[in-house]
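Notes follow the structure.
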Amino acid sequence: MQHYSQDNNSLNPEQKRAIETIEGPLLIIAGAGSGKTRVITHRMAAMLRRSIPQSAILALTFTNKAAREMQVRVAQLVGNSTRMLTVSTFHAFGVQVLKRYIRELGYRENFSIYDQSDQAQLLKETVRELGMEDLRDLRSILTLFSRIKTGQTKWDAETAEFRRLYDEYQQHLKLYNAVDFDDLIVLPTRLMSEVARVREELEQRYRYVLVDEFQDTSRAQYRMLRLLTQNNRNVCVVGDDDQSIYSWRGAEYENILQFERDFPELLEIKLERNYRSTGTILDAANRVIANNTNRKAKALWTGQGESLPIELCYPEDEQQEAEMIARRIKSLAATEGLRYDDIGVLIRTNSLARTLEEAFLAENIPYRISGGQSFFQRQEIKDLIAYLRLCANLNDEIALLRIINVPRRGIGKRTLEQITARAEHSGQTLYSTISELVHAADSPLSTRAVDDLRAFFDLIERYRAQLLAGGKKPAQALEAMIAEIDYWSYLVMEYQHNDKIAKWKYRNLDLFVQMVRDYQNDPDNLDVGLYDYLNRITLNARDDQDDSEEDGRLNLMTIHAAKGVEHEVVFLAGVEDGVIPHQRAIADNPANLEEERRLFYVALTRAKRRLIISSCRKRKLMREVVETAPSPFLEEIPAELLTVVEAEDVVPAESAADFFRMMKERVR
């Protein structure tokens, strides 16, 4: 208890009041960086201190990582094991309820949980049984079913044609004793609503309930929470309506208003002291978010002293923007002693990542991507890289196996088994074995298999010669190879029911070729050959196998993925009208403007000490360069909080000199 007592002394008055209010409904409005997780964990420790049994406490959050961290922190505070404390995601809690009570709904205890691929397969099966094979966009149908099941939408004239399919799909799930992800919330709610014994037993056990990130709860999750707590009334919800950015996946920030209606006797406590950002950053964030009308009034403040102004830069295009950000990152790392993982580069959509990735590669800045897939890890790009790797190194068997039948050449599983067995027996590489087989007079393979292998072998030999020839340019050879293997037709066949995906993926191939072309045409690159370019990619863009956040790499992430994260320095790129606020989001629903502003607010409040915003004057969209305008959200930041810098001047001369001096000292 001594550890708890000492740490408790550093809490501010509002935090202390939230921690000490144990009985009755409590609404904690916790602004960005206000220490909400600390309050939740201290509150649970305070409950245990008052001899409330661990088994009577239920804490719900949204990620397994957050749940683990909470449980560990409570154990550290109380100095004892917290094994009987239930700290869980909503869905994991739903699984616990179903394991105990699912028989009440006619299921068996050993139910299966279907993931998205299982659901898609079951839907295909149901479609076939109903003779509805003309239905193509099954992903959209599954989205509709999810929205129907969770109460986000209702059947109408436009969707009525799918109602029979929905009913059959549900019957198939039950027949297979399976539930889907939505059922993990919907079925426990149904149990508590329809079976009095279930609700009574759950209420008797979980007498104190806490919910983190309450603004991210869905309507279905709130219904489950309300049923669980409406009699005990000992429920504490912690959230911030200004950080509600997940409406597209069902989050309802208006659950805060509903909570006030359902628990009118609640106590509301606001946590407005920010322990993360400087006063300048907070002033900017407060002024921006104040333009939203559907929010609880609050104003973040900090006890920190003077702070740096927010830097605003207007680069000519995304290329200059990326180069400016990369150079500035190198400068900050050298002159201020920052680690790369002290820095975050935030973007509204993952489509903005490619140019930034290329700049980081050029500057040898190690990075990790969150909230999206690295450009170099996309299937079609990995296919092209595998072709290049095999041409550069005929012994690269991983690359060979990836593309020997991509696009499809009729080289089947049986042929590959024969090649592999022969290679193992002779101690040769797969490529050497293929060469031997296509040139042998008495090949053990069928004539067709030999012909297919010969076509593949000849392709690699020809383009290997072109790609490695002295003075030749790899981009031209790569472009010709894409055309010869007819990758476009392969994409059309793979995505025959969604040509938009095929076109998008093929466009990525064009972008990759252009990246290679830019590299080979860069006068600063002494070696523009294939080996050098592949080494660059391999060293800097390898698969992210390490989940550690403190691995020394720069964090490149979407703003959605950045929620809950903080960095010493934040670069906010692509702050242009149509990007943020996103044109498509506003077109779908004008009311989304307020959520887009909340997203911008979240981005601003990720920065602890320094914030650098860039807005391009032009940007390449598809194959066309278009004029862009700064985001209207920038106009909501008072001018006195901003300093405009030129893209060419982001690394001051003295900083550059310091940088080179430090580099020389390190070499000595």
Side-chain angles (χ1 to χ4, degrees), residues 245 281 284-285 288 310-333 338 340-363 365 367-375 511 515 553-563 565-583 596-597 599-607 610-621 625-634 637 642-651:
I245 58 175
I281 292 169
V288 168
I310 296 168
E311 295 179 32
L312 180 57
C313 181
Y314 296 103
E316 186 63 25
D317 55 24
E318 68 270 24
Q319 192 75 36
Q320 188 183 48
E321 176 184 54
E323 292 170 357
M324 175 271 292
I325 290 173
R327 291 200 312 273
R328 187 65 186 280
I329 288 169
K330 297 277 282 200
S331 173
L332 289 169
L338 290 173
Y340 284 129
D341 57 7
D342 288 329
I343 302 170
V345 180
L346 308 188
I347 49 179
R348 171 62 179 86
T349 66
N350 193 48
S351 62
L352 302 180
R354 182 190 65 84
T355 312
L356 290 163
E357 286 192 74
E358 180 71 358
F360 298 154
L361 288 171
E363 293 288 345
I365 298 174
Y367 68 93
R368 65 201 305 270
I369 276 204
S370 302
Q373 187 182 42
S374 167
F375 180 80
L511 291 173
M515 289 168 69
R553 283 184 284 172
L554 175 79
N555 296 281
L556 172 60
M557 56 180 61
T558 62
I559 302 172
H560 283 100
K563 187 169 173 292
V565 176
E566 58 186 39
H567 292 103
E568 289 292 326
V569 178
V570 166
F571 289 85
L572 186 51
V575 183
E576 297 137 27
D577 196 10
V579 177
I580 184 166
H582 199 280
Q583 183 177 5
E596 289 290 303
R597 185 178 282 111
L599 194 60
F600 188 62
Y601 171 84
V602 166
L604 297 179
T605 54
R606 298 312 93 194
R610 191 191 292 268
L611 178 61
I612 302 162
I613 300 174
S614 55
S615 176
C616 294
R617 302 176 193 274
K618 299 176 184 175
R619 185 172 292 278
K620 191 172 185 179
L621 298 176
V625 176
V626 298
E627 299 282 341
T628 54
S631 167
F633 296 152
L634 291 176
I637 300 176
L642 298 167
T643 181
V644 177
V645 296
E646 295 297 326
E648 295 82 359
D649 299 330
V650 293
V651 183

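- Residues Ile310 and Thr643 form no side-chain contact, since every pair of their non-hydrogen atoms from C-beta on lies 4.5 Å or further apart.
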Evaluation steps, side chain to side chain contact (heavy atoms under 4.5 Å, CB included), between Met557 and Leu346: CA-CA 5 Å; Met557 56 180 61; Leu346 308 188; 3.3 Å; yes
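- Between Ile343 and Phe571, the closest side-chain pair of non-hydrogen atoms falls below 4.5 Å.
- Atom CD1 in Ile612 sits 11.0 Å away from atom CG in Leu312 (nearest 0.5 Å).
- The two residues Arg348 and Val579 make their nearest non-hydrogen contact at CG-O, 2.9 Å.
- Here NZ of Lys620 is found 7.5 Å from CZ of Arg354. Values are rounded to the nearest 0.5 Å.
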Give the intermediate values and the outcome of side chain to side chain contact (heavy atoms under 4.5 Å, CB included) for residues Glu566 and Arg606. CA-CA 5 Å; Glu566 58 186 39; Arg606 298 312 93 194; 5.6 Å; no
Hey, mind stepping through Asp341 and Asn555 against side chain to side chain contact (heavy atoms under 4.5 Å, CB included) and telling me if it holds? CA-CA 6 Å; Asp341 57 7; Asn555 296 281; 4.1 Å; yes
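- Taking the side chain as every heavy atom from C-beta outward, Glu568 and Arg610 never approach each other to under 4.5 Å.
- Put simply, the side chain of Arg619 never gets that close to the backbone of Val625: no donor and acceptor are under 3.5 Å apart.
- Using modelled atom types, one side-chain atom of Thr605 and one backbone atom of Tyr601 make a donor-acceptor pair closer than 3.5 Å.
- Remark: side-chain polar atoms of Thr355 are not paired, donor with acceptor, to backbone N or O of Ala322 under 3.5 angstrom.
- A side-chain hydrogen bond (donor to acceptor under 3.5 Å, both in side chains) with Ser614 is found for exactly one of Glu576, Glu321, Arg328, namely Glu321.
- Of all heavy-atom pairs spanning Ser631 and Ser615, the tightest one is N-OG, 4.4 Å.
- Considering only heavy atoms from C-beta on, Leu572 comes within 4.5 Å of Ile559 through its side chain.
- Residue Pro632 comes nearest to Asp577 through the heavy atom pair CD-OD1, 3.7 Å, listed as atom of the first residue, atom of the second, then distance.
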Given Glu357 and Leu556, is the side chain to side chain contact (heavy atoms under 4.5 Å, CB included) satisfied, shown in steps? CA-CA 9 Å; Glu357 286 192 74; Leu556 172 60; 3.9 Å; yes
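- Between the side chain of Glu596 and the backbone N or O of His582 there is at least one donor-acceptor pair closer than 3.5 Å.
- What you find for Gln320 and Asp317 is that their closest heavy atoms are N-OD1, 2.9 Å.
- Ile613 CD1 to Leu604 CG: the interatomic distance, rounded to the nearest 0.5 Å, is 5.5 Å.
- Using a 4.5 Å cut-off on side-chain heavy atoms (C-beta onward), Cys313 and Glu646 make no contact.
- To the nearest 0.5 Å, atoms CG (Leu356) and CD1 (Ile347) are separated by 6.5 Å.
- Under the 3.5 Å distance criterion, the side-chain polar atoms of Lys563 are left unmatched by any main-chain donor or acceptor of Val602.
- With values rounded to the nearest 0.5 angstrom, Cys616 atom SG is found 11.5 Å from Glu627 atom CD.
- Ion pair Glu316/Lys618 flagged as a salt bridge, since at least one NZ, NE, NH1 or NH2 atom sits closer than 4.0 Å to an Asp/Glu carboxylate oxygen.
- The closest side-chain heavy-atom distance from Lys330 to Ile365 is below 4.5 Å.
- With a 4.5 Å cut-off on side-chain heavy atoms, Tyr314 and Arg617 count as touching.
- For the atom pair OG1 of Thr558 and CD1 of Ile369, the computed distance is 9.5 Å after rounding to the nearest 0.5 Å.
- Nearest heavy atom pair, residue Val288 against residue Arg597, reads O-CD, 3.1 Å.
- Using a 4.5 Å heavy-atom cutoff, the side chains of Ile329 and Phe360 are in contact.
- Nearest heavy atoms, Val570 versus Ala603: CG1-O, 4.4 Å.
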